[in-house]
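Everything numeric in this text was worked out from a predicted model, so none of it was measured. Below, read A as the first sequence line, B as the second, and so on, with proteins coming before strands; counting in each chain starts at 1.
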Amino acid sequence: MRRAPTGQVHIGNLRAAIFNWLFTRHEGGEFLLRIEDTDRERSTPEAVQTVLSAMEWLGLTTDGETLYQSTRREAHLAAAEQLLKSGHAYKLDKGGTGKGEAVLFKMPGTDMAFRDLIKGDLHKAAENLQDFVIVRSDGNPVFHLANVVDDIYMGITHIIRGDDHVENTYRHVAMFQALGAPVPLYAHLPMIVNAQGKPYSKRDGAAFVGEFKENGYEADALFNYLALLGWSPGDDREVMSREELTAAFTLDRVQSRAAQFDFKKVRMDECGVPQKLPADVYRQRFKQKLEQAGLWSADFTEAYLNAVCELMRERVKNWSEVAPQAGYFFTEHYPFDEKAVHKRLAKEGVRELLDALRDAFAALPSFDATSTEAALRAVADVRGINAAELIHPLRVAATGLAGGPSLFHLLDVLGRDRVLERLGRPIPS
RNA sequence: GUCCCCAUCGUCUAGAGGCCUAGGACACCAGGUUUUCAUCCUGGUAACACCGGUUCGAAUCCGGUUGGGGACGCCA
């Protein structure tokens, strides 16, 4: 596993890491980590730590020492020297910025082919294979060189990486051959795309490991979901332990087409969020979502927010549900669900029932879950109707929704004034 | 522009010539259970991109078309 520490660990990198880990575990091989920190500007200690902690969080244990590529500079340069001597490379001033001579690797001049463990046989005609820089004119080795030299050094047998490296593979294969080293086996993973079929980015939701962690997702749930994205065991299993995944994982079952990452499928309840996230953290996250939806205002107290969270905690399965499911607690302009209105409110006699409830609630000495429920049942008894015939319209009128938390507790939290006002409104059409 | 890759329900996928009138899961819809909600149960809608070819037989093999994606740095 190789990782360039450039800030965050993207969902695609993460899946590649998981596949690598699963593959080595299945084959009984070693899972090694190499930090490609040759880019001084971007490779800060913090960035390296981000990679390391992401791996640790996911439980991607390594089997040997982590190799920092920056410590291998001399070996990279020595290899370039060797290639120069053997005639596989040459120096050239490509001009432009006037930096002087760079070292270029000379492609063999023949058609090339390799067998990808996922994509099958791939080949490329000689005229499409161009020579390329392996040492810059400032003396620094380029990624391609460093990569191949270190792969040889580490004894890498399998390279499982993203699709975007397919074209580089011809170059790397040629270098392994020129250096007289055995060519590793390659497997290129298809991309992860968003709902529009475009490459998944942070605009599409949580794209980085840290965000999942912060949002309370459990590592096992993310691990399971990602392992099953672009790969399947071949049977109907969907929820698998690491042991099961390891036992079943083979590269020939990896899908060769891009997979769409569906944020909603990584469900919070599977991650145990409502139960496991501390109440205050949950509340903060909840509030943050309200703010993003423009529903929060300083007029609401922490106690009120807390009461709402208590009601919603077991029901909000995904942070994207906060605004649609609990918005009515924070605005009087809550939207009405069309179907719910049609089914529960837009009916003969409902207007009159709501008025009766309103009067009953207004007359109560105290407004709490017990008293409102008793009052509602009394109204139902007097009219000889089922309580459900009052409960449903009341819920829709008060919240705009067909479902939600326990009705009477919800009314309690909303408070008498707002409930009475909502009940007095004209029925939306 | 050049080169390369990909194509099964909305989504993740099963499917390696007959077991496919294409299976599962999630989502969705409809009923049921639950005094309301959630949960749970039952049922349902829904896909082989298109056109040719090979074959007794094609989702599966071949060719083309269309659509999508990727790579074309002295970045990694």
Side-chain angles (χ1 to χ4, degrees), chain A residues 2-6 13 36-39 41-43 69 92-97 99-104 116 118-120 122-125 127-130 132-144 146-147 161-171 188 190-191 193 195-199 225-226 228-239 252-253 255-267 269-270 311-312 314-317 325 339 344 373 376-377 380 386-396 399 401-411:
Chain A
R2 32 171 293 276
R3 199 72 286 143
T6 52
N13 300 142
E36 306 194 330
D37 56 349
T38 51
D39 186 333
E41 308 235 325
R42 293 196 283 176
S43 304
Q69 198 157 55
L92 178 71
D93 185 346
K94 290 180 82 181
T97 52
K99 287 183 194 163
E101 288 188 320
V103 179
L104 276 76
D116 190 282
I118 293 171
K119 293 176 174 299
L122 263 21
H123 55 84
K124 198 123 178 160
E127 62 265 32
N128 295 318
L129 268 6
Q130 251 81 61
F132 57 97
V133 174
I134 53 175
V135 180
R136 300 188 188 93
S137 50
D138 65 3
N140 286 127
V142 169
F143 148 78
H144 302 293
N147 222 276
R161 66 204 335 183
D163 227 350
D164 49 333
H165 282 295
V166 173
E167 310 284 326
N168 286 333
T169 306
Y170 298 97
R171 297 171 161 183
H188 288 94
M191 317 196 58
V193 298
Q196 288 71 240
K198 304 293 180 190
Y225 178 76
L226 251 20
L228 273 291
L229 187 63
W231 174 84
S232 86
D235 51 41
D236 289 339
R237 283 179 293 176
E238 305 273 345
V239 178
D252 60 334
R253 296 205 56 84
Q255 198 83 15
S256 53
R257 65 186 236 220
Q260 183 175 315
F261 182 82
D262 187 349
F263 193 67
K264 286 185 179 156
K265 279 194 182 176
V266 188
R267 308 218 317 172
D269 57 346
E270 285 168 10
L311 285 178
M312 300 306 294
E314 304 279 336
R315 292 161 206 283
V316 171
K317 294 182 175 136
Q325 294 298 315
K339 280 186 196 162
R344 307 296 187 189
E373 178 163 6
L376 179 140
R377 292 190 186 287
N386 206 313
E389 291 184 50
L390 286 170
I391 288 173
H392 289 293
L394 171 58
R395 176 186 291 282
V396 180
T399 70
L401 303 173
S406 171
L407 179 61
F408 302 104
H409 291 91
L410 166 174
L411 295 178

Looking at S232(A), does any N or O in its side chain come under 4.0 Å of the phosphate oxygens OP1/OP2 on rA14(B)?
yes
For D235(A), answer base if it contacts any base atom (sugar-phosphate contacts may also be present), sugar-phosphate if it contacts only those atoms, and nothing otherwise; contact means non-hydrogen atoms under 4.0 Å.
nothing
What's the closest nucleotide to the side chain of R136(A) if the choices are rC37(B), rU11(B), rC74(B)?
rC74(B)
Distance check, P atoms only: rC4(B) and rU13(B), in whole angstrom units.
26 Å
Identify which nucleotide among rC5(B), rU11(B), rA14(B) has an atom closest to any side-chain atom of Q260(A), counting heavy atoms from C-beta outward.
rU11(B)
Mind checking if H144(A) touches a base, just sugar-phosphate, or nothing, with heavy atoms under 4.0 Å?
base
Span that lies between the P atom of rC62(B) and that of rU54(B), in whole angstrom:
15 Å
Closest non-hydrogen atoms of L394(A) and L407(A), given as atom of the first, atom of the second and distance, are CD2-CD2, 3.8 Å
Is there, by distance only and without an angle test, a donor paired with an acceptor across the side chain of S137(A) and the base of rC74(B) below 3.5 Å?
yes
Considering every strand and a 4.0 Å limit on heavy-atom distances, what is the contact class for R171(A): base, sugar-phosphate, or nothing?
nothing
Find the distance between CZ (R171(A)) and CD1 (I134(A)) and round it off to the nearest 0.5 Å.
11.5 Å
Return the value, rounded to whole Å, for the distance between atom CH2 of W231(A) and atom P of rA14(B).
10 Å
If we call it a pair only when both distances are under 3.5 Å in a Watson-Crick or G-U wobble match, what pairs with rC28(B)?
rG44(B)
Phosphate contact (rA14(B) OP1 or OP2) by Q255(A) side-chain N/O below 4.0 Å:
yes
With the side chain defined as heavy atoms from C-beta on, H392(A) is closest, among rC37(B), rC5(B), rA76(B), to rC37(B)
With a 3.5 Å limit on both atom pairs, tell me what rA49(B) is paired to, counting Watson-Crick and G-U wobble, or say none.
rU65(B)
So what's rG1(B) paired with, Watson-Crick or G-U wobble, going by both distances under 3.5 Å?
rC72(B)
Sugar-phosphate only, base, or nothing, as touched by Q130(A) at under 4.0 Å among non-hydrogen atoms:
nothing
Going by purine N1 to pyrimidine N3 plus the second Watson-Crick contact, or the G-U wobble pair, all under 3.5 Å, which nucleotide sits opposite rA38(B)?
none
Could you tell me whether P199(A) contacts a base, only the sugar-phosphate backbone, or nothing, with contacts defined as non-hydrogen atoms closer than 4.0 Å?
sugar-phosphate
Quantified in whole Å, what is the C1' atom distance between nucleotide rC28(B) and nucleotide rU11(B)?
11 Å
Look at all strands and tell whether L229(A) reaches a base, only sugar-phosphate, or nothing, counting heavy atoms closer than 4.0 Å.
sugar-phosphate
Measure from the side-chain heavy atoms of E167(A) and tell me the nearest of rC4(B), rU36(B), rG23(B).
rC4(B)
Length of the CZ-P vector between F261(A) and rU13(B), whole Å
13 Å
Distance, rounded to the nearest Å, where H409(A) contributes NE2 and rC37(B) contributes P
16 Å
NE2 of H165(A) to NE2 of H144(A), rounded to nearest 0.5 Å, is 9.0 Å
Taking the nucleotide of RNA chain B with the closest heavy atom to each, which residue, D236(A) or A402(A), is nearer the 5' end?
D236(A)
Return whichever of A259(A) or A102(A) has its heavy-atom-nearest nucleotide of RNA chain B closer to the 5' end.
A259(A)
What is the nucleic acid contact for E238(A), judged by heavy atoms within less than 4.0 Å: base, sugar-phosphate only, or nothing?
base
Of the listed nucleotides rA76(B), rC37(B), rC74(B), the one nearest the side chain of R395(A):
rC37(B)
Quick check for you: to the nearest 0.5 Å, what is the distance between E389(A) atom CD and R344(A) atom CZ?
9.5 Å
Would the distance check show the side chain of Y225(A) and the main-chain N or O of D262(A) forming a donor-acceptor pair, the cut-off being under 3.5 Å?
yes
Please answer whether the main-chain N or O of W231(A) pairs with a side-chain N or O of R253(A) as donor and acceptor at a distance below 3.5 Å.
no
What distance, rounded to whole Å, do you find between the two P atoms, one in rC12(B) and one in rA7(B)?
13 Å
Whole angstrom value for the distance that separates C1' of rA71(B) from CZ of F143(A)
12 Å
Between rA76(B), rU2(B), rU13(B), which nucleotide gets closest to the side-chain atoms of H165(A)?
rA76(B)
What is the distance, rounded to the nearest whole Å, between atom NZ of K124(A) and atom C1' of rC5(B)?
10 Å
Protein-nucleotide distance (N128(A), atom CG; rC5(B), atom C1'), rounded to Å
14 Å
Distance col, row D116(A):CG vs L122(A):CG, nearest 0.5 angstrom, shows 6.0 Å
Tell me which nucleotide among rA7(B), rA71(B), rU11(B) gets nearest to the side chain of S256(A).
rA7(B)
Suppose you measure atom P in rA14(B) against the same atom in rU60(B); what distance do you get, rounded to whole Å?
16 Å
Between rC28(B) atom P and D262(A) atom CG, what is the distance in whole Å?
11 Å
Can you name the nearest heavy-atom pair linking V166(A) to K119(A), along with the distance?
CG2-CE, 4.0 Å
Closer than 4.0 Å, any side-chain N/O of R253(A) to the OP1 or OP2 of rG15(B)?
yes
Between rA25(B) and rG44(B), how far is it from one P atom to the other, in whole Å?
12 Å
Whole-Å C1' distance, rA58(B) and rC20(B)
11 Å
What's the closest nucleotide to the D164(A) side chain, out of rG70(B), rC12(B), rU11(B)?
rG70(B)
Heavy-atom nearest pair, L401(A) first then R395(A), reads O-CG, 3.6 Å
How many whole angstroms separate atom CG of D37(A) from atom C1' of rA76(B)?
12 Å
Between rA49(B) and rU55(B), how far apart are the two C1' atoms, rounded to whole Å?
23 Å
With sugar-phosphate meaning primed atoms plus P, OP1 and OP2, does G197(A) contact a base, only sugar-phosphate, or nothing at under 4.0 Å between heavy atoms?
sugar-phosphate
